[in-house]
Amino acid sequence: MAVNATPESSPPWVLDFADGDRSMADLLGGKGANLAEMTRLGLPVPHGFIVTTAACREYLRHGSEPPGLTALVDAHLARLERDSGRRLGDPADPLLVSVRSGGRFSMPGMMETVLDVGVTDDTVAGLARRGGDRFAWDCYRRLVQMYGRTVLGVDGALFEQELAAARTTLHVSHDGELDALTLRALVASFRRIIQREVGEDLPQDPREQLRRAVLAVFSSWNVPRARFYRRQEGIPDDLGTAVNVVEMVYGNTGPRSGSGVCFTRDPASGELGAYGDYLPNAQGEDVVNGSRATIPLAQLAQLDPAAYTALTGHLRTLEEHYRDLCDVEFTIEDGTLWVLQTRVGKRTAAAAFRIACALVDEGLIDLDEALRRVDGRQLSRLLHPQLGDTSGHDLLATGLPASPGAGVGEVALDHETAARWAREGRDVVLVRQETSPDDLPGIVAARAVVTARGGLTSHAAVVARGMGRPCVVGAADLTIDLETRTVTTHAGVTLAEGDTVSVDGTSGRVHLGRVPVQPSAVATRLAGGATDTGTDPVSDAVLRLLAHADERRRVGVRANAETLPDALAARQYGAEGIGLFRTEHTLLGPRRELVERLVLDRDRDDALRQIGELARADLVQVLEVMDGLPVVVRLLDPPLHEFLPDLTSLAVEVAVNDATGVEDAEAEERLAAVRRWHESNPMLGLRGVRLLTVLPELVDVQARAVAEAALDLRARGLDPRPEVMVPLVAESAELVLVRARVEAVLATVAAEHRTTLRVPVGVMVELPRAALTSGRLAAVADFFSFGTNDLTQTTWGMSRDDAETGFLRTYREQGLLAGDPFSTLDVDGVGRLVSLAVREGRRTRPDLGLGACGEHAGDPDSVRFFVAAGLDYVSCSPPRVPVARLEAGRAEVLEPVAGGAWADTR
Ligand code: ADP
Ligand code: MG
Ligand code: MG
């Protein structure tokens with residue numbers, strides 16, 4: 001029979017460690033590729049070979065062992081036997097192997113591994129000659145247990161029960177103290193369990209053990225928890241796992257042996273120095289499964305100085321070779337050190353920044369590479385304040401971590417209460433069943449927001465993230481009773497409105513009482529607030545990499561802001577202007593009534609005058625902070641119904657009046673007016689430029705406010721640079737109309753001041769039709785700014801406010817959507833519209849200004865797309881400005897994202 005069953009062109013099914021390297025992780029899996037790499041580096045890795053992911057894929061495709069695989073494995077086993085000097089099944093001195101899973105991407109603990117393959121009734125005595133009776137029977141016990149569970153599918157609890165009983169009988173606390181006789185009895189009883197459960201015994205042919213263990217590891221690719229993990233992490237389902245067959249080395253031969261796991265530096269703080277856990281007289285699985293208390297790695301220096309020195313030397317070698325933090329599994333057998341696994345290790349956000357900079361200082365990487373090693377998600381985690389020690393504070397509920405950071409305050413159950421208490425100087429946490437746009441003043445006033453319903457893209461979540469408010473949504477354990485003004489938890493705890501809770505938006509937890517909050521040191525430093533420069537290594541690292549990102553990036557970063565505090569924060573965080581000033585902010589809360597009066601034609605002129613004055617006052621403040629920098633003022637945008645009284649409650653009021661014979665002409669008049677303006681689909685109705693077309697006086701007052709604010713500041717010697725942006729344009733004629741009106745007002749005001757004023761007028765591209773007709777639009781617009789929230793909503797034809805409660809949830813559960821298009825830009829759909837608009841807009845007008853101002857502009861992945869698409873700037877909420885700066889810099893040193901490519905093709 002041909003040993004080489006693999007056709008020449010297709011990838012090999014089996015490869016020796018000595019023939020691979022780390023570039024081959026697709027084929028060898030991460031674990032296998034790194035074992036091969038370490039073998040090449042001359043580290044003490046036991047001999048072994050890899051059954052590749054190609055073989056696994058073949059197995060998964062056909063559901064059976066690929067023909068010829070056994071022969072290939074036999075051939076490589078023969079080499080392993082030669083190299084190790086031992087033979088599988090040799091009664092005198094048997095070779096044992098481990099059969100280990102390991103795919104392209106690390107999936108810790110999700111798949112299976114079988115250790116000690118090769119012990120049989122015939123070889124156990126020979127094994128005892130190597131490490132004693134206890135050791136040999138311990139290996140046998142482990143094999144029967146792991147093989148029974150993994151290969152034969154026997155419930156692991158059945159074995160655990162036996163082990164627990166044995167420990168009780170012998171009065172010992174862990175398995176390492178069980179004696180040879182007991183272990184021998186356990187092997188027998190485990191085998192009886194297997195017989196009883198599946199009618200089979202452990203094969204007494206070691207090759208059969210090996211063959212079936214390999215297939216079981218293949219199959220473990222598809223166990224439910226592995227599938228679930230892949231979905232969470234976005235790992236494709238069709239990659240398959242490799243199987244590493246590795247000569248066993250033994251940490252369980254006695255006190256001079258042991259196993260450990262360690263890191264080349266502290267993965268939590270990033271501090272230099274080996275760090276890890278060690279367990280004497282144990283095999284590796286004992287360290288990670290937590291069955292026995294480990295000792296700190298540093299103590300190994302006393303226990304076995306030679307092995308410790310060797311280990312730290314290897315750790316240095318690995319760091320220098322991988323030029324990054326590595327984690328390592330090792331085993332010491334009678335004083336001899338073996339390295340069993342390494343990979344570039346996971347780390348906290350703080351450690352990521354610190355390590356990247358440390359590696360630059362050590363000359364291992366340059367600053368560009370350091371920038372590739374950190375990302376915006378990590379930075380945003382570092383910028384949010386965090387809860388301190390929660391001990392002594394009951395956990396009330398756990399929901400989805402919608403917006404990171406910590407917030408502590410008194411429970412307020414509606415937005416009026418929240419806003420009122422906040423005005424009184426109290427800290428409040430807004431707790432709602434779910435939130436609606438009306439809750440906005442409450443969200444603004446609150447330290448944190450908690451909802452019982454809704455998901456990560458629910459209104460509360462989106463708004464809270466936009467404003468940097470910590471937020472937990474979907475805390476289903478909470479029942480809110482607005483009658484009794486209480487919140488009851490699943491566990492039966494009842495809180496009254498006004499009780500204090502602590503919210504951790506980073507983990508999604510809500511605690512009872514006042515947990516101390518630690519302001520983020522990094523945020524303080526970034527805002528320039530700390531004077532103790534140089535004492536916090538994490539902040540130092542963040543500042544250094546941000547400075548490098550600024551040096552690299554070509555796109556500008558602006559902020560979305562309309563209040564003085566937000567504008568100040570934006571400047572401190574490094575914003576180079578304002579990309580979105582929402583004039584409707586002026587009309588929030590009680591000021592809503594002004595628009596109502598306009599619509600209902602009550603004291604119209606006075607209402608208009610007031611709207612203008614309020615807008616002007618806000619603008620003066622913000623333009624002053626942004627002196628010399630652009631401020632894009634968007635004209636009034638929200639749908640009309642957000643300003644009008646609620647139709648239903650008004651109708652009820654009038655009906656009650658009728659029934660009780662109360663005469664209220666005004667209520668009836670209002671009802672008639674609200675009916676007249678009522679729309680069945682307001683989000684697709686009278687908003688943006690449409691509202692401005694229907695009520696053109698609104699354009700006039702806003703344009704006048706912009707002009708007067710600018711001229712005010714100019715008179716004070718400043719350099720205001722306002723721009724006017726028209727929302728929700730679908731057709732260039734709309735823009736022509738509004739633009740003419742804006743320019744007429746600007747000219748009038750300028751003339752009144754005996755001067756001239758040039759204010760660019762642009763358009764917010766947030767409807768597919770605007771993007772599709774961008775060539776024409778650019779002829780009448782000075783700039784485009786992509787409003788990707790609405791553009792996503794209108795491109796997909798689905799509402800972002802209902803995204804999580806409705807069908808989208810089902811979609812996500814069924815894996816129909818890879819990501820959330822409302823948080824990360826949908827490059828394939830919405831992104832194409834953006835690129836098309838960029839291309840055709842610039843064709844009409846090469847100097848067309850281009851920006852983006854949706855939620856996406858602060859999303860790390862989306863920023864890279866915007867850079868590739870050729871925008872001039874992105875504009876996001878102030879707390880996300882540093883994140884956008886970092887990602888814009890990273891975009892220049894990383895491979896360009898897809899999307900950049902089709903931006904230049906038809
Ligand atoms: P995981 O991916 O879950 O860490 P591993 O394949 O790394 O699974 O193996 C589980 C444990 O068994 C690890 O602690 C590992 O170090 C240990 N181990 C694996 N192969 C051997 C071997 N040949 N000799 C000794 N210990 C081993
Ligand atoms: Mg491992
Ligand atoms: Mg919009």
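Start at 1 and go down the list; that is how both ligands and their atoms are numbered.
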Point to revise | Pair Asp334 + Arg130, salt bridge at N-O below 4.0 Å | key: no

Exercise for review: Find, among atoms of Glu329 that are N, O or S, the one nearest to the Mg ion (ligand 2), and state its name.
Suggested key: OE2

Side chain, backbone, both or neither: which applies to [X] and ligand 1 if a contact is any heavy-atom pair less than 4.0 Å apart?
| X | result |
| --- | --- |
| Met111 | neither |
| Leu340 | side chain |
| Asn244 | neither |

Can a side-chain donor-acceptor contact be found between [Y] and [X] if the only test is distance below 3.5 angstrom?
| X | Y | answer |
| --- | --- | --- |
| Thr342 | Asn34 | no |
| Glu65 | Thr70 | yes |
| Arg57 | Thr53 | yes |
| Tyr140 | Asp121 | yes |

**Study point:** Close approach, Glu247 and ligand 1, non-hydrogen under 4.0 angstrom
**Key:**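 Glu247: in contact with ligand 1 (<4.0 Å).
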
Review point. Is Lys31 in contact with ligand 1, taking contact as a heavy-atom separation below 4.0 Å?
Key: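 Lys31: in contact with ligand 1 (<4.0 Å).
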
Review point. In Å, rounded to the nearest 0.5 Å, how long is the span from CG of Leu340 to CG of Asn244?
Key: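 Reported value, rounded in 0.5 Å steps: 11.0 Å.
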
Check your understanding: From the Mg ion (ligand 2) out to just under 2.8 Å, does an N/O/S atom of Thr113 turn up?
Key -> no

Regarding ligand 1, does [X] bring an N or O atom to under 3.5 Å of one of the ligand's N or O atoms?
| X | value |
| --- | --- |
| Thr331 | no |
| Glu329 | yes |
| Val249 | yes |

Point to revise | Selected option - heavy-atom contact closest to atom 17 (C) of ligand 1, from Val114, Leu115, Val97 | key: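 It is Leu115 whose heavy atom sits nearest to atom 17 (C) of ligand 1.
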
Exercise for review: Just jot down the ligand 1 atoms closer than 4.0 angstrom to any heavy atom of Thr113, in number order.
Suggested key: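 Close to Thr113: 5 (P), 6 (O), 8 (O), 9 (O).
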
Exercise for review: Hey, could you give me each pair passing ring-ring contact (aromatic ring centres under 6.0 Å, His included) that has a residue in residues 21-47? Not counting sequence neighbours.
Suggested key: none

Exercise for review: Kindly give the heavy-atom pair with the smallest separation between Ala226 and Trp221, and that separation in Å.
Suggested key: CB-O, 3.6 Å

